[in-house]
Undergrad: 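The structure is given below, and queries will be raised subsequently.
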Protein chains: 2
Amino acid sequence: MTERSSSKAQAIVSEVRRRIVDREWRQGDRIPDEAELAVEFGVARATVNKALQLLAEEGLLDRKRRAGTHVTVNPARKATLTIPIVREQIEQAGMEYSHRVIAQRRSPLPAEIAARMALPEGRELIHLRTVHYGGDRPFQVEDRWINPGAAPGAEAVDFQRITANEWLVRNFPWLHADMAFSAENASARDARLLETRQGSALLILQRTTFNDLGAITSVRVAFHPGYTMIATH
Amino acid sequence: MTERSSSKAQAIVSEVRRRIVDREWRQGDRIPDEAELAVEFGVARATVNKALQLLAEEGLLDRKRRAGTHVTVNPARKATLTIPIVREQIEQAGMEYSHRVIAQRRSPLPAEIAARMALPEGRELIHLRTVHYGGDRPFQVEDRWINPGAAPGAEAVDFQRITANEWLVRNFPWLHADMAFSAENASARDARLLETRQGSALLILQRTTFNDLGAITSVRVAFHPGYTMIATH
DNA sequence: TTCATCTCTATGTCTAAACTTATTTTGGCG
DNA sequence: CGCCAAAATAAGTTTAGACATAGAGATGAA
């Protein structure tokens with residue numbers, strides 16, 4: 001093992017990864033079992049197990065009881081995205097954060113959002129439209145529905161003072177979230193709020209979060225044109 | 001612990017998550033240390049450790065030596081995306097997969113791509129443009145650069161027969177990948193290849209992969225209008 | 001042959017105990 | 001009072017050993 005690393009398990013991860021990348025172990029090959037690797041690396045089997053589980057999670061290895069561990073043939077590419085908090089993202093870029101609530105009222109749920117939130121169409125929820133600015137330039141517009149059934153107290157909050165996101169995140173941890181990325185041509189309203197021309201391509205993030213009481217909130221975020229979301233693996 | 005679950009660690013994960021969601025433990029609170037929880041749940045400390053590490057990875061807990069474990073105040077939202085293999089995605093949708101190579105030649109690297117691949121501008125790489133179809137409708141267009149320096153043998157491959165993605169994935173596992181999502185208005189060429197009108201909003205995925213020899217490939221994928229990429233957490 | 005059942009094996013999980021290490025707290029010293 | 005060193009603490013890691021369990025392969029009956 002040429003790798004030096006903080007932990008033995010990490011060293012094994014690196015070494016196994018190297019063997020795969022260097023094609024000593026090829027796609028589809030069965031690799032030695034945990035007990036053998038434990039002897040080879042001079043560690044306990046539990047340590048090998050931990051390392052191989054990490055690599056399996058990463059998608060490089062396929063592990064099955066009795067069948068052993070194989071190098072994945074067609075590794076599906078996984079990537080972890082971190083959805084930053086708007087305020088933090090803007091402030092990290094050295095700009096001044098501000099936001100403006102365009103509308104806040106109770107409205108009946110449209111069908112599309114109702115489906116996403118698994119709530120009956122027409123149910124009255126809090127509907128919020130907000131623009132977030134970095135300096136004096138619009139950064140993103142959000143169109144949010146909040147379910148007071150799962151987030152009691154939401155009716156009484158003044159979302160001019162605290163952003164809906166921050167209030168929700170602080171008060172209603174969620175169990176599960178659905179997310180979807182897509183691209184849309186800016187509508188007249190999007191364009192006006194983002195101060196861009198109608199039709200420009202916008203990255204859209206649609207996110208719905210749930211706790212044990214049901215859907216907490218569903219939000220559609222439209223980023224300013226040119227915005228790029230980064231992920232690594 | 002009301003949760004029944006396959007493993008003790010998973011049961012602890014569920015129970016701790018419940019306590020957080022039910023606000024028995026609030027954002028910022030310090031939770032009992034591993035030893036105490038081990039006693040409470042009647043398991044070994046290593047089992048509690050495993051459970052809490054999972055929750056920390058998920059972003060619900062902050063752990064620091066000596067300082068203890070706290071409920072994260074502003075959990076940054078993480079999501080795991082799986083980038084499917086085009087062929088599999090199309091075939092799963094019950095459509096027939098096909099692809100057409102529009103161009104395959106050696107060309108000097110433009111500056112933008114060179115920066116992404118950490119290669120000198122002007123270096124000659126293999127440049128490939130491909131359209132992937134589901135049935136008779138274009139599904140995505142890819143514009144790919146392949147570095148034979150990190151992927152030897154690429155010059156000799158006929159990418160009409162096997163897609164570049166499949167050939168690369170089968171032969172050159174990577175160590176690291178950069179990914180970026182954005183939205184662009186379809187250029188005249190994009191529009192023609194995707195059989196849509198110029199200017200329609202396209203979801204763009206830009207991905208560059210590296211092995212120990214450097215950048216293997218950098219690809220820009222433009223999805224057909226309306227395409228949505230899903231993630232859950 | 002084909003199907004059901006048994007056996008065996010490699011991974012999955014857990015434990016108790018020890019040691020390591022980052023970080024906070026404390027307490028002494030100037 | 002401020003600074004630094006020492007002590008204490010909670011998480012991080014590893015180990016040897018044990019038992020659980022999925023599932024591939026062997027065996028045998030119909």
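Naming convention: chains lettered A, B, ... in sequence-line order (proteins, then strands); numbering from 1 in each chain.
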Undergrad: Give each protein N/O atom lying under 3.5 Å from an N/O atom of nucleotides 3-8 of chain C, with the pair distance.
TA:
residue: dC8(C); atom: O2; partner: Arg66(A); partner atom: NH1; Å: 3.1

Undergrad: Measure from CG on Asp33(B) to C1' on dT23(C) and round the result to the nearest Å.
TA: 15 Å

Undergrad: Between dT11(C) atom P and Asp62(A) atom CG, what is the distance in whole Å?
TA: 13 Å

Undergrad: Is there any side chain to side chain donor-acceptor pair (under 3.5 Å) pair reaching into residues 167-177 of chain A, and which pairs are they, with sequence neighbours excluded?
TA: none

Undergrad: What class does the angle between the rings of His224(B) and Tyr227(B) fall in, given that below 30° is parallel, 30 to 60° is tilted and above 60° is perpendicular?
TA: perpendicular

Undergrad: Write down the distance between NE2 (His70(B)) and C1' (dT24(C)), rounded to a whole number of angstrom.
TA: 11 Å

Undergrad: Just the endpoints, please: which first and last nucleotides of DNA chain D, 5' to 3', lie under 4.0 Å from a heavy atom of chain B?
TA: dA8(D) to dT13(D)

Undergrad: Over how many whole Å does the gap from Phe41(B) atom CZ to dC14(C) atom C1' extend?
TA: 16 Å

Undergrad: Is it true that Arg144(B) and Thr217(B) share a donor-acceptor pair across their side chains at a distance under 3.5 Å?
TA: yes

Undergrad: Test for a donor-acceptor pair under 3.5 Å between the base of dT21(C) and the side chain of Arg65(B), counting only N and O atoms.
TA: yes

Undergrad: Assign each of Lys64(A) and Ala35(B) to its nearest nucleotide of DNA chain D by heavy atoms, then name whichever residue's nucleotide is nearer the 5' end.
TA: Ala35(B)

Undergrad: List for me each residue that meets side-chain hydrogen bond (donor to acceptor under 3.5 Å, both in side chains) alongside Gln27(B), sequence neighbours excluded, and say none if there are none.
TA: none

Undergrad: Which residues pass the side-chain hydrogen bond (donor to acceptor under 3.5 Å, both in side chains) test with Asn49(B), sequence neighbours left out?
TA: Glu34(B), Gln53(B)

Undergrad: Select base, sugar-phosphate, or nothing to describe what Ala9(A) touches, counting heavy atoms under 4.0 Å on all strands.
TA: sugar-phosphate

Undergrad: I need the residues from residues 42-60 of chain A with at least one non-hydrogen atom less than 4.0 Å from DNA chain C; give them sorted by number, or say none.
TA: Arg45(A), Asn49(A), Gln53(A)

Undergrad: Between Lys8(B) (NZ) and dC14(C) (P), how many Å, whole number?
TA: 7 Å

Undergrad: Does the ring centre of Tyr97(A) sit less than 6.0 Å away from the ring centre of Phe139(A)?
TA: no

Undergrad: Does a donor on one side chain sit under 3.5 Å from an acceptor on the other, for Thr208(A) and Arg116(A)?
TA: no

